[in-house]
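Reminder, nothing fancy here: chain letters follow the sequence lines and each chain counts from 1.
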Amino acid sequence: MRIATWNVNSIGPRLPRVLEWLGSVQPDVLCLQELKSGTDAFPFDAVREAGYETAAYGIGRWNGVAILSRVGLEDVTRGLTGEPTFEDKTDARAIGATCGGLRLWSVYVPNGRDLENPHYDYKLAWLSALEATVREEQSRGLPFAVLGDFNIAPTDADVWDIGVFAESTHVTEPERKALAALRDLGLSDVFPRPLKYDHPFTYWDYRAGNFPNNKGMRIDLVYADSRVSGAVTDSYVDRDARKGKGPSDHAPIVVDLSL
DNA sequence: ATGACGGAGCGTCTCCGA
């Protein structure tokens, strides 16, 4: 089985590239983040013609997540257990489903913005709710993984220059402790191989030539339990999907499993 | 060339992203 995750930075303008990518890479399951569309506005028909069912969760202009599957899509759950709000609004940042016997979640962790911003506290609260949800979900007894844009660089090596991030989110100890809490639940970081250079970055800012200069970050992650991680035969960041005209600023991660 | 911000909304700018 081949599973994948991709922050597409809006499904509308990205749809042609997503369809092309599905056709060439042929994942069985694709977790999407940052749809920037409401649930009803998702292009279900075009994706169905490509052979995939979709469970989408979007609330409009920001965030939004989905799971596409050609191996079944059951028991869909939208949102986290005890999910916090921001400015009294609930975001659409997490969706879970059972696909081909696996319990999979697609998540888009809040950015945090700045260390003094209330959005940073929201990010940490959201991560606590994710931990609680993972704990609950594991009681289903199915092989389990959570995939998505975590907006956290797990180590200093996961950004191109840690000196640039001295007063920034994404690299702080509280954020990294939230990842450690997921590992304490038995999940492990499925570390992909890069197609080029020596580190598997998954995000490069559009600005200032960051992609051609490989000023990237590894913030999209696959956290899998032992049954899933033990079945991994290959994993890579498809940086080719970051090239060319009209790309997302994130590249997909592809994980092959022998279950 | 991989190649030097882009998406969305009521919008001619601001917010957001990381």
Side-chain angles (χ1 to χ4, degrees), chain A residues 5-18 20-21 24 32-43 58-66 86-87 89 91-93 107-124 126-127 148-172 174-176 178-179 194-221 236-253:
Chain A
T5 181
W6 194 3
N7 177 323
V8 290
N9 187 17
S10 187
I11 188 61
R14 213 69 61 221
L15 182 62
R17 289 189 66 127
V18 171
E20 179 186 16
W21 192 82
S24 63
L32 296 180
Q33 300 88 37
E34 220 175 341
L35 301 178
K36 293 187 177 177
S37 86
T39 300
D40 295 341
F42 188 90
I59 44 102
R61 183 178 178 185
W62 306 118
N63 51 76
V65 287
F86 184 69
E87 295 176 347
K89 292 189 287 289
D91 292 334
R93 295 183 175 274
V107 300
Y108 178 42
V109 175
N111 174 289
R113 300 181 190 173
D114 301 296
L115 299 184
E116 297 77 23
N117 194 299
H119 207 262
Y120 177 71
D121 298 322
Y122 169 61
K123 179 179 193 174
L124 297 178
W126 201 93
L127 287 162
D149 179 357
F150 282 74
N151 272 318
I152 303 169
T155 73
D156 289 355
D158 293 314
V159 296
W160 79 91
D161 179 1
I162 191 62
V164 174
F165 291 82
E167 303 296 328
S168 300
T169 60
H170 293 65
V171 299
T172 68
E175 291 167 284
R176 289 174 172 172
L179 290 179
L195 293 185
K196 190 178 179 183
Y197 302 119
D198 60 352
H199 202 79
F201 295 141
T202 64
Y203 164 84
W204 302 260
D205 196 298
Y206 287 121
R207 289 166 284 191
N210 275 16
F211 179 61
N213 293 318
N214 200 34
K215 292 181 175 179
M217 304 170 73
R218 188 173 79 96
I219 53 175
D220 300 87
L221 306 172
Y236 67 95
V237 178
D238 187 5
R239 74 187 301 283
D240 290 341
R242 180 65 177 77
K243 300 177 182 176
K245 183 177 172 58
S248 169
D249 43 5
H250 294 251
I253 301 170

Just call it for [X]: base, sugar-phosphate, or nothing, with non-hydrogen atoms closer than 4.0 Å on any strand.
X	value
A/Y120	nothing
A/G244	sugar-phosphate
A/T169	nothing
A/Y203	sugar-phosphate

Separation of atom NZ in A/K243 from atom P in B/dA4, rounded to whole Å: 15 Å
Atom-pair distance (OH on A/Y206; P on B/dG3), nearest Å: 12 Å
Presence of salt bridge, A/D156 and A/R176, under 4.0 angstrom: yes
Between [N] and [M], how many Å separate the two [atom1] atoms, rounded to a whole number?
N	M	atom1	answer
B/dC15	B/dC10	P	15 Å
B/dT12	B/dA1	P	38 Å
B/dG11	B/dC16	C1'	15 Å

Base B/dA18 paired with A/N111 side chain (donor-acceptor, <3.5 Å): yes
Phosphate-side-chain proximity, A/H119 and B/dA18, N/O vs OP1/OP2 below 4.0 Å: no
Phosphate contact (B/dC16 OP1 or OP2) by A/R113 side-chain N/O below 4.0 Å: yes
G-U wobble or Watson-Crick pairing nucleotide for B/dG9 (cut-off 3.5 Å, both distances): B/dC13
Closest to the A/D149 side chain, choosing from B/dG7, B/dG17, B/dA18: B/dA18
Atom pair NZ (A/K36) and CG (A/N63), whose distance is rounded to the nearest 0.5 Å: 10.0 Å
